[in-house]
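Keep in mind that the numbers below use all heavy atoms, side chains included, and drop hydrogens, waters and symmetry copies. As the structure is a computational prediction, the values presented were derived from the model and not from experiment.
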Amino acid sequence: MPAPVEITLRNMRFHCRVGILPHEAEFSQPLEVDLTVWATPAPLGAITVDYRALYDLTARCVAAGPLRYLETLGQEIAAGAVALPGVRGARVALRKPQVALGGPLDHAEVVVEDGARA
């Protein structure tokens, strides 16, 4: 069986309400999302996976908030991606760049995988 095709949408940016603190449920904050899928190879010239479907899936899941946990959001996006025709597996990385933890921090990141890469 041929190796799967890897497709990545990197650094999609959204504003949403996500987190367990009261102000996180009330106010939107930036969220960055990477979505990688491993798809069954298609014949030359054929579309393997429609990028628009991947972006729309991510945007719908993010818009469903308020969300308590990045882990849950990542699982929903990954499961939705794996349900698309031709997708064997998915990896979702979610980053909150504005996390107040009392010291220098670029972002907090959660990574979720579903399905198989090969």
Shared hydrophobic cluster for [X] and [Y] (ILVMFWY, side-chain gaps under 4.5 Å):
X	Y	result
V82	M12	no
F27	L31	no
Y69	V33	no

Nearest 0.5 Å, what's the [atom1]-[atom2] distance between [X] and [Y]?
X	Y	atom1	atom2	value
I77	R60	CD1	CZ	10.5 Å
R10	T36	CZ	OG1	5.5 Å
T58	E76	OG1	CD	11.5 Å
W38	T8	CH2	OG1	8.0 Å

Would you name the heavy atoms of [X] and [Y] that are closest together and state the gap between them?
X	Y	answer
Y55	L9	N-CD1, 3.7 Å
K96	G19	NZ-CA, 4.1 Å
V5	P41	CG2-CA, 3.9 Å
V92	A78	CG2-N, 3.7 Å
A39	V49	CB-CG2, 3.6 Å
A81	V37	CB-CG1, 3.9 Å

D34/R95 ion pair, N-O < 4.0 Å: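 Result for this pair is yes, salt bridge flagged.
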
Taking the side chain as C-beta and beyond, is there a heavy-atom pair between [X] and [Y] under 4.5 Å?
X	Y	result
Q75	D114	no
L54	L84	yes
L67	T72	no

G89 backbone acceptor or donor facing E113 side chain under 3.5 Å: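 Side chain of E113 to backbone of G89: no pair is present.
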
